[in-house]
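First the structure, in the form of structure tokens, and then the observations on it.
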Amino acid sequence: GANKVGTSSAASSSSATGGGTPVKGGTLKLASQAPAAAVNPITVSDAGGLCMLAQTGEFLTFDNNMTLQLQPMLATSWTHSQGGKVWTFKLRSGVKFHNGQPLTADDVVYTMQQLADPKNASNALSTFAGVLSPAGVVKVDPSTVAFHLEAANGNFPYLVSSDNYNAIIVPKGTDFGKWQSTFIGTGPFKLQSYTANQSATFVANPSYWGGAPHLSSATFTFYSSQQPQILALQGGQVDVIVQFVPQGATSLLNTSSYNIIKLKSANHRELSMRNDQAPFTDARVRQAIALSLDRPGMVKALLSGAGSVGNDSPFSPKFPSTNTSVPQRTQDIAKAKQLLAAAGHPHGFSTSLATEQYEEIPAMATVIAQAAKAIGVNISLKVENQSAYYGKSTFGNSDWLDATMSLVDYGDRGVPNVFLDAPLLSKGTWNAAHFKNPTYDALVKQYTAAVDLQTQKTIAGKIETLLLSETPIVIPYFIDGLTATTPGVKGVNPTSLSAIFLKDAYKSA
Amino acid sequence: MSTAEQPVAGAPSRHAADALTLCNVDVSYSVRREDQRVVRDVSFHVARGESFGLVGESGCGKSTIALAIVRYLARNGRVSAGTIEIDGRDVLGLNQTELRRLRAEDVSMVYQEPGRALNPSILVGRQVAEVYEVAGMDRQLAMGRAEEMLGKVRISDPKGVMGRYPHQLSGGMLQRVVIAMALASEPSLLILDEPTTALDATVEAEVLDLITGLRSEFNTSLLFISHNLAVIAKMCDRVGVLYAGEMVEEGPAADVFRSPRHPYTVGLLRSIPWRDPEGGAAHGENGGRPPLATIPGSLPAPGSVIEGCVFADRCGLADERCRTEAPPIYEIGGGRGSRCHYHERAQSVPLVAADAGQPEPAGGRDDRGGEPLLRLRSASKTFHMGGQTVRGLYGVDLDVAAGETVGLVGESGSGKTTLARVAIGLTGPDQGSEVTLNGHPVAPVATKRSATDQKALQIVFQNPDSALNRRHSVRRLISRSLSKLGGYSGDRLQARLRSLVDSVRLPERYLPMRPAQLSGGLKQRVAIARAFAGDPRIVICDEPTSALDVSVQAAILNLLTDLQRRENVAYLFISHDLGVVRYLADRIVVLYLGRVMELGPAGAVFSSPHHPYTEALLSAVPTLDDADRLRIRLEGEIPSAADPPTGCPFHTRCPRKIGEICETTEPELREEEPGHGIRCHIPLADLRRLQAIDTGPAPAAATSAPSER
Amino acid sequence: MSIGAVPVESAAAVSAGQADLRGQVLRDLVRQKSFIAGAVILGFWILAAIFGSAVVKDPSAQNLLLINQAPSGSHWFGTDSLGRDMFARVITGSRDILITAPLATLLGTVMGTILGLVMGYFRGIVDDVVGRVVEAFLALPLVVTGILGIVALGASNTTLIIVIGIVFTPLIARTVRAAVLLERELDYVSAAKLRGEGSLYIMFAEILPNVLAPIMVEFTVRLGYAVFTIVTLSFLGFGIPPPSPDWGLDISNNFPQVTAGYWWEVLFDALAVASLVIGVNMIANSIESALDAS
Amino acid sequence: MSLFILKRVGLGLITLWILSLIVFFAAQVLPGDPARAILGNQAAPSAVRALSHQLGTDRSVLAQYGTWIGHVVTGNLGTSYEYQGPIGPQLTSALGNSLKLAALAFVLVVPLGILGGVVAALNVGKPVDRITSVVGLSATVIPEVVSGIVLILVFGIWLNVLPIQASTPPGSGFGTQLYHLILPAIPLTLILFGYIQQMARAGTVEALASDYARTATLKGLPRGVMIRRHVLRNSLLPTITVIASQTGYLIGGLVLVETLFHYNGIGTLIYNAANHKDFPMLEAGVLVIGVVYMVATLIADTLFSLLNPRIRYRGVE
Ligand SMILES: Nc1ncnc2c1ncn2[C@@H]1O[C@H](COP(=O)(O)OP(=O)(O)OP(=O)(O)O)[C@@H](O)[C@H]1O
Ligand SMILES: Nc1ncnc2c1ncn2[C@@H]1O[C@H](COP(=O)(O)OP(=O)(O)OP(=O)(O)O)[C@@H](O)[C@H]1O
Ligand SMILES: [Mg+2]
Ligand SMILES: [Mg+2]
């Protein structure tokens, strides 16, 4: 379904996606978050790094966030069998890597096996764990690859799409540690230069399978924070900010001098309450907390409006499977107080909330604390540096997972699977809420295996309802993915994950 | 002197011929927004070609007057009344340009620390030449003239000196440079503010000779400021005695010093320990020393308002009139004036020496002459400094017996302090040095010595400001020593404290005060009390009075002799002032470059035959009544201890050098008479003969002016 | 006929009387305009910290409907991105800093003094070794100390005190050492050795009282820098955790809003910081010159 | 002289070594590990383990330090854990940026500070003196955050005449870079101004009160000549030391200005390295600052003794 949720205004949407005659040549200057580490396809986990991967690398499928469609990329078509346990991808022919070598099934098998190998420090493991093991990647013929999954997965094509940003296809035998010196992929642009922490320049790949791009080159300047990117855009030093967050970007959001591409995203914050610790053992207490929040107010104040309210489940408006018929939870102080009283806390109680120093989260924490105060709950805050907060990210070694209340960030994903699993399954590795509910676990299993959208939607509705009544976690809002360009820039195709695809981009005169 | 007929009383008449005239000058400093008058109603004049001396104790306003004359008072100071004229020009009325011209042409000034008077980062030559450049000469020419001028101040290598920085020159050399600079403009008036106070006696003598010589050559009038009466007597035609900012007596120098007419002048003269250089021992061999006269009390605080005579509080003659009616300057003929109602009786002012008290019989504790209490054998100390080795002390043997006073003399840097610190264990000596106390060897470092040894040997330091912890009260300072050294505590400590402060004549009311609230003399008394807290057997006194004024010095010396008599303590008394040593010491040790040059009973050392170095030291000391004594002058600088001369260390400056041998072989310390040793190649008989003649070839630079013109 | 039976000089300072030196310093101090000005500023912030919350609105009260409001009659200094009253936040924002800054300075001063005394008094190998370490700490950038301390100990006022104490220690040690090097050459130290005093006594009872003046000056000067440092660390995200109103933290949080034109969200905090450091600094200078004068 | 320098260099090396130890052991208390920093906070434990092994961060701390110091003595700063590449280029570029900023600040502040100090000294006690001193001292204690923000507001936003970010696009010319560095340099200038001004003032006051200044005046030299030739020469010597000792501070303290004005300097580099527990990078950054600090002090001392005849021949500090 191509239901288009994407853009903030018709004007920006049309100008961004095209219309008008493309101008040939020219250099597009983009501001991007600096890659936080080496650009190694296997280990990249940050916005800057994944944006780099997407410049020269391509995926089997492309999750077009502008249109919310899953499109073919290196795979031209895909089919499933055994109820979603086996997925078979047909590869595009005539695709050449930047070193001239043609793309074959061997390359895909090599890439995917490396990504799925637990022996490697692969970031894709967070997606592939329990889904795909190296042995499951099988070459069918030189242009066909089959994936034998460990469990049925209806969303698998998304897992090898641009959503799984590590999954760019590289030539067989590539040493991932050294990839950063060549950036060899199959994409419309080739590496000209990459200087860590400074800049990267890519030039058009004339022998691109989809035809050469309009631009002759694209230069990314790296920034360590958002503010200078905004200044650079305002100062005319760059044409595009690949991605920015609303916090601190009021000056961009409040003017019409720039095109702002707003993409619905699953990027959200989760407030977990220890379901196994008093007073949050009682669902009414958890509901009371959730009811105390003024969600539209939060979206306005914390996100400058660039987001949508959440309904305490990870089903973001972005996902096609989201069941929008489930009623939205709204602020209700009276009801919250009533619930508290019923749960034996007529005068409220005191507790503490641990969270991280990241984007708007500290401010969000104070908003939550302030809201809780209105229902008599006194929350003391502990705001920590990220590495201190996450600790070892395992139970007993992490404030995030161990605190009575914790507030954490979840980046965007192509499908809700990870959000449904890790933080909420009884055995979930990030189950900061310590939520254990067999019904929920079963529903998630069904959802994951469902291959058709309608089934997915039905099950999603059940999950959403269950989460609303249990309220193990609170998800007050989803944050839009934001990209800013000067008015002359057309055809850029950003993703809510902070990648940007420039194949169709050009600068009009 | 031709100036004798100048009127002095009241406002001096203006004489066109006068180089300087001060008329009823008041100077005040504003301190914490209050005006403190530190110079009051001072009038005097300096005639052309005349040398006028200004003498007085520390703080009496000498420098203030000098600076007022050149209009260089501190920011908070101002001439609040009176007029000052140089060459008939009113200094106070000049505008900036005129003032600059006056300074450039008519008046120059030399002050105490030559090292600080020169810019440390500019070559000496440039600084001298600058004087000529100010006069409009071009640089080339100025440099030439500067070199010439340096020659005139008898710098042997003017060219070399021109190319040096001040820190590369010795104090004596620097003062010559400063004098050269001062005289380069051929000023009509030269102000010298304690020009030799910072110099060694030997160097001082030379510089004074030089000034005398140049003065006649340049026909400059001198205003010579000093606290040293003898120096003034030697240098000046007329003298003014300042007390608390007032000129109390004025007149021809010889007359004033011979028959002073103000009780203050009388008191000052009486407190000088040694006035007769050749007059043999000032005291009997075994008898007590006659106590020195002192002036009781101390200077009024600066700025205090005094109704009557400023000196009344301290004057033995003062009566009601003195306390209520300020005396005018009484003209007393012979060009003299005195600000004393009773100037005729001035010399009858009673002698105050109560410190000495009634001479107590020495008692049975007198065990002089026995086994030496303190014994140093081949004591050496080598300092290592920035890759250089400095021989501070070299093979010194020294004994101090119970109850005796051993005087240690020598020029600056000769190792006196080092010797003291080695003996007491503050400086660890070189390997092979031996320190024996009471017959047993002691550890080289004080902190490792036994409590008894620590008690037995104590020290009075030169500078009480440094020696007394300024944050501790007098009570704490003394009682801590009493408990640590004397082992006292509780009531016994309190009792002993009272008797101790009483014995150093320190009134108990000072006990709660901090050192900063005490005068120099009182501070030194506290230091002495502290040294005596543990009933020491030997007390080392390292120049204990050199920072004090003569009148205070006298009181301290009296106290020390008194204590010695009562406690039978031995002193190792260090001083560069031969007068003081002469007054106190039974035996004398003369140090030069860390070596003992001569050693023996005081009488023997002070009279010939003695070492040529001792001879030079003695003759360098100016005294009040030796105007025509022939002097031995030392040539050149004291060699650096880091690079001592070969052979006899003294040969580079020795006026009696006999030849090769002096340069190659270091002489032994020959014991020529029992207990009297001399380190010299010249046989004793020859020395005796040479020094008896006393008119021998005037060695080195004589007192006459240099011939060059 | 002897007058002046006790021939002793009277106390030198007659006009100053027996007046205590400390009294003089104090009098000099209050006579200085800059001291008065500094004291007024500091006093204001102390009062604001203690009583401010009783006078102004609740500094933590949010109003998500009234965010980023420019200064107006109801919100003199405007509101921040959560609709909190900036005036209330500025007035009460000195609370933590006024506790942490003096304590941190005190910690640094005590440690620095001990270290400086030991280095200066023993010299030689002790001085060399400790001196190298001190030098190394001096070369250590503030960020590093800050991040190491705060990340290791967790963000809290105690951590801030410890971190700043550590940063100040070598600086103060250096000053104290220099003063001690001068003092130890004075003869009263020799005199103490000669009566068998131990090193501890000499350092703390003899030398320490004499180097108190520079230590005191150093303390007041450092106090200003403690404020400086706390604000800096807060800005870098190592400061006091929210939600307590704190100037540095507010500046840090609201700084990104500046380009959007919400200047009031940082300007007043910045000016408050400036006034406090200047006030403390004026006091420090007055103390220094009063001590110099005596 | 050369012995003196040699000795100082030796001592400096020891200090640097101690510095490296401090950083190393202090860094051990940092939570998290490099692998997690690379893979993200929510990375799979197995991936973290694998990467740790690959990076060598799973070895004992002493082994890590050993490897690192082994490299350093051979002149190799090592490999960044985070960027898995050589540290050299990043360090050089960051240091270069910082030095540019510091240099501009110095160029602005040194003449201003000296002028301010000398003018104040020549008017001791007068309003000019009091005002410059109060201004200077206040400027010194105002945190860069505060002055920076005010500058940004006034010049960057209200007047909109100066850029408020220091970074320029790659390949910008000297003029552009300079233009962008003006605003960031001012807070640094303000902070240093007080130091230098006070030092120059104190030195000049002292020199003016000196006996040699009196000698010069009494020679009849015009005041201007006296001040130029006799006073300034001596009074500005101690100022040189202050200036140099502040270089160390400048380089180390830049992080704030860098953050405020978004500049990729050494401060930011260290900050990031510490945040990512990139120990070789952190060490390199800190050491490079240590080296700058020490070189600056050494230059100052050497200059001081070269200009000061009194100690030129002694060679002790
Ligand atoms: N700048 C000043 N401010 C206040 N008082 C001063 C100042 N200079 C000198 N005095 C005081 O004026 C008095 C006279 O000082 P002056 O230096 O003239 O004495 P002096 O006779 O030269 O002493 P000395 O022999 O110690 O050099 C002293 O009491 C001194 O303390
Ligand atoms: N701590 C030291 N380090 C290096 N050299 C020293 C030290 N103390 C003394 N000296 C040198 O030792 C020599 C003797 O010095 P000492 O202080 O004993 O002389 P002094 O006779 O007491 O002189 P003064 O009359 O000036 O007090 C001098 O050359 C001096 O420079
Ligand atoms: Mg004087
Ligand atoms: Mg001495």
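Bear in mind that the values here come from a model prediction, so they are computed numbers and not experimental data. In what follows, chains carry the letters A, B, and so on, assigned in the order in which the sequence lines appear, proteins first and then strands, with residues in each chain numbered from 1.
With a threshold of 4.5 angstrom between heavy atoms, Ala205(C) approaches chain B through its backbone and through its side chain. Contact annotation for Ser304(B): neither backbone nor side-chain heavy atoms come within less than 4.5 Å of a heavy atom of chain C. Heavy-atom distances place both the backbone and the side chain of Ile424(B) under 4.5 Å from chain C.
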### Message
For Lys455(B) and Asp535(B): C-alpha separation, side-chain torsions, deciding distance, then whether salt bridge (Lys or Arg N to Asp or Glu O under 4.0 Å) applies.
### Response
CA-CA 7 Å; Lys455(B) 272 166 63 169; Asp535(B) 299 313; over 6 Å; no

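Using a cutoff of 4.0 Å between basic side-chain nitrogens and carboxylate oxygens, Glu206(C) and Arg195(C) are scored as salt-bridged. Classification of Glu185(C) and Arg123(C) as a salt-bridged pair holds, one side-chain N sitting under 4.0 Å from a carboxylate O. Using a cutoff of 4.0 Å between basic side-chain nitrogens and carboxylate oxygens, Glu183(C) and Arg471(B) are not scored as salt-bridged.
The most heavy-atom pairs under 4.5 Å with chain C, out of Arg449(B), Arg476(B), Gln462(B), come from Arg476(B). The residue among Lys484(B), Arg480(B), Glu34(B) with the most heavy atom pairs within less than 4.5 Å of chain C is Arg480(B).
With no hydrogens or angles considered, a side-chain donor-acceptor pair links Asp319(B) and Tyr342(B) at under 3.5 Å.
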